[in-house]
Structures are given as C-alpha cells and as structure tokens.
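Every number for a ligand or one of its atoms is a count from 1 in the order of the listing.
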Amino acid sequence: MPVSESLFDRALKLIPGGVNSPVRAFRSVGGTPFYVKSAQGATLTTADDRELIDFVCTWGPAIHGHNHPRIKAAIAAALERGTSFGTPNPFEVEMAELITRLVPSIQKVRMTSSGTEATMSAIRLARGFTKRDKIVKFAGCYHGHSDSLLIKAGSGALTHGYPDSAGIPASFARETVVLPFNNAAALAAAFAANPGQIAAVILEPHIGNAGFILAEPGYLAAVRRLCTENGAVLIFDEVMTGFRLAIGGVQQLEAIVPDLTCLGKIIGGGLPVGAFGGRAEIMDLLAPLGPVYQAGTLSGNPLALAAGIASLRLLEELNPYARLDALGRQVRDAVLAAARAKGIPVQVPQLGSMFSVFFTAVPVRDCDSALTSDAKLFANYFYGCLKRGVYLPPSAYEAYFISTAHEGPAIDRACEVMTEAIQAI
Ligand SMILES: *Cc1c(COP(=O)(O)O)cnc(C)c1O
C-alpha cells in the first residue's frame, strides 16, 4: 500500500476527517490527500517519493519557495538561544519596526500566533473603539474561523458547502451584516439601514479565499469613504495579500489607508504567526494600556519572528514583485490559450503571484459569480495536473500562489502541464 494511503488510514481513525484543516482533505476534488515528507524551493516530495511543482506554497507563506536557506539559518540561530521565554524578546521590537516601516498605515502593531487571532482581535478592538456591536463582512471573504467572522465565509467553508458553520449562536450572527463584494451601493445601503451601529467593515482587499477575485477600480476607495463618513473602522485583512502583492500590500498598490490591518502567512516565514495593527489611537485601547483585552502565551515567539523577519528582509532586498508578476502572467496566458483552443470558457484573474482558474463564462467579481465555476471540470483539471506532477489547491475556490523559486524550469514545466491538463479535460 502506498505510504500516503496507509498514513491517511491511520489518521482517519484519530483525526476528524484525517486532517487538521478541512481543505487538505481533498473532499472538493474527490480522492484522498498525499503526505509530504519534505519541500525545497518550488518542489514538494511526497511520502511516496513523487516530486510535485507546488502552487499552494503552504497556502501563501512560502513566497521565497520552501526551506529557503536564509530563513532556515535564521530559525537555526534563534533555536540555539531557546524556543520561548514568556518575556519580551528582541525580535518583537525588530519585527514591529519592520512592519510599521513597510506598511505605513500601521503605527502600532501586536503579534499573534495565527491570522485567525489577528482578525478576531481587530474586530474586538474596533468594537471597543467605536462602542458599537455590528460588523460588515463580504460573502466569500475568509477571515479565519472565529464566531463573528465565520458567516458566508470563503476558503474551506465555501469549498465544503457550509459557509455558515454550525455552533455559532444566532445572536452572534445577527451582529454580522454580510454583503456582496464589489458593490459600494450595498455598503451604503447597509450603513443607512444600521445608523450609528456598525463598528467595522472588514474585507480582503482582493479576495484570495473564494478563488482569486480582484476589487474593481474605485471600489476600495468607495469603501474607505463610506467608513469615514459613517465613523466605522475599516479593517483590511491582508493576511494573504500582505507582502505578497507588494511590499506594503494592496493598501500600497491602491493608495488606501485602512484604520487597522491584519497580517499573517508571509510574516511568519512558514511558522505560525499573525499580527494586527493600525492607527495608534485605536491600538492604544489594547490591554495593558486600555480596556480591550487581548493576549497570547506564544505571541511574539522568537522562532516564528526570526523566520518572519528573515522573510521580510529578503523581500526588501530582492524586491521580487515585477518578476513574480511576470511568472503569474506566463501561467495565466498559458491557461487562457489552452482553454481557448479547447473551446472551454474560463476566467483567470491574476495579479502578481496570485491567480485562480474558474471554469465559467461569467466574469468573476464576487462570491456568487465564483460559484458558477464548474466544479467537475475543475476536479478533472486538478487531477490532470497532479498526474503530470503539478499540485494546485484542491478546491475551485482557492487562490494559487507562485514563489520566486518557480522562476525558470518549474514555471515552464507547469505551463506545459496545465496546457496538457486542459487539452485532456
Ligand atoms: C489564512 C487567512 C486567515 C486566517 O489565518 P490563519 O493563520 O489560518 O488563522 C485570515 N484571513 C485571510 C485573508 C486568510 O487568508
């Protein structure tokens, strides 16, 4: 029996669904997941010794490819000095200086151990600041799995067909207003219907968790204006897009200043991390300065921050964004050409090192249009690529990620494979 199959059999007995995060279970494409025993650059090596070109990049963090020597060395050096101290450590100051310099809307920042904690804490802080209860989120945006945010959420929740999780009290859900993305009129109407009650508007400035969906020109500026006019805190959840689409995130590209920003993924260099920050006036309401409580035993963990600092410094040194965008365009063009030749309608939203393939004739601009994507065709495409050595996210509603390590033979081979997979669909 293949090693992956026997590991999954053992896992199924003890771990719900065999996995520690639902999308990994391959339910949306059918079949069972493979196990990875090592990863280097753009390549995963499975427990059965297959080599795969990886477009999941650990769901975003691995922008330098897997196991980058500089990040590995930074973790090793930190490890020599101990794994956790329960006191402040020097990396925390260095990371705060780095983040506030690279993302200027963040005047003060606090580290967490996951993106979920960052968004959950930002929401609590916005409620504490405005003394209001309601929040606005957008269908298809995923902000981690805390109660008020797991409503019409993207990512695994969307993949598995239950964007509204069981276990969330209706009284909590009532405090979350869910709106369609890319629709400023809907947001204006929500403010009008809930006067003086909306504490915060949270969004992924370009959605990465319902597949990749770009904000249309002018939309984010309209959201910013409406939040300002109505005294609501604007929270950009850049856990995925931060440091990926530009060194200063989507807010830099679009010249928008959010009140709070959530970060994660890349800032941990592959270790568990999150962060939230923004206007000092709001951040200073956090304990111990203010009444909004937030804490974490491993927050600011020295290993995670050493990895994250190395990752951010590499981005600053290399400024790889133009190169990554060229790789993204190369893949997008290959998929579009193959689909055109085959006569299959397809949408391939792409920006920099993020893209998605939606099998639909409908332009994808929100969650509903993303859901018109043909899941059966996607599963064929997914397995067509996997069989030929390219690993895509195992769901039609996830973004694909490219790393600097993909440059060269890996990207060329991936384009061939995606073309063949579409021809054979
Ligand atoms: C991944 C993600 C999160 C959650 O981060 P975790 O570290 O998985 O808790 C939140 N928001 C966005 C936009 C994400 O992509």
List the closest protein heavy-atom neighbour of atom 11 (N) of ligand 1: residue, atom name, distance to the nearest 0.1 Å. D237 OD2, 2.7 Å
Quick one: do R124 and E117 make a salt bridge, cutoff under 4.0 Å? no
For ligand 1, is any non-hydrogen atom under 4.0 Å from N209's backbone (N, CA, C, O), its side chain (CB onward), both, or neither? side chain
Please state which protein non-hydrogen atom is closest to atom 5 (O) of ligand 1 and give its distance, to 0.1 Å? G115 CA, 3.2 Å
Distance-only side-chain donor-acceptor flag, T43 / E51, under 3.5 Å: no
Checking F358, Y400, F359 against Y381 for ring pair (Phe, Tyr, Trp, His ring centres under 6.0 Å), the one that qualifies is F359
Does R10 have more than 12 heavy atoms from other residues, nucleotides or ligands lying within 6.0 Å of its CZ? no
One thing to verify: whether R329 and D325 come together as a salt bridge, which I'm taking to mean a side-chain N less than 4.0 angstrom from a carboxylate O. yes
Any atoms of ligand 1 less than 4.0 Å from a non-hydrogen atom of S114? List them with their elements. 7 (O), 9 (O)
Of H143, K265, M240, which has the heavy atom at the shortest distance from atom 1 (C) of ligand 1? K265
With nothing but distance in play, are any N or O atoms of E204 less than 3.5 Å from an N or O of ligand 1? no
Students should be able to answer this: which protein heavy-atom is nearest to atom 4 (C) of ligand 1, and at what distance? T116 N, 3.7 Å
Within 4.0 Å of some non-hydrogen atom of Y142, the atoms of ligand 1 are 11 (N), 12 (C), 13 (C)
In terms of side-chain heavy atoms, does R244 have a donor or acceptor partner in S353 at a distance below 3.5 Å? yes
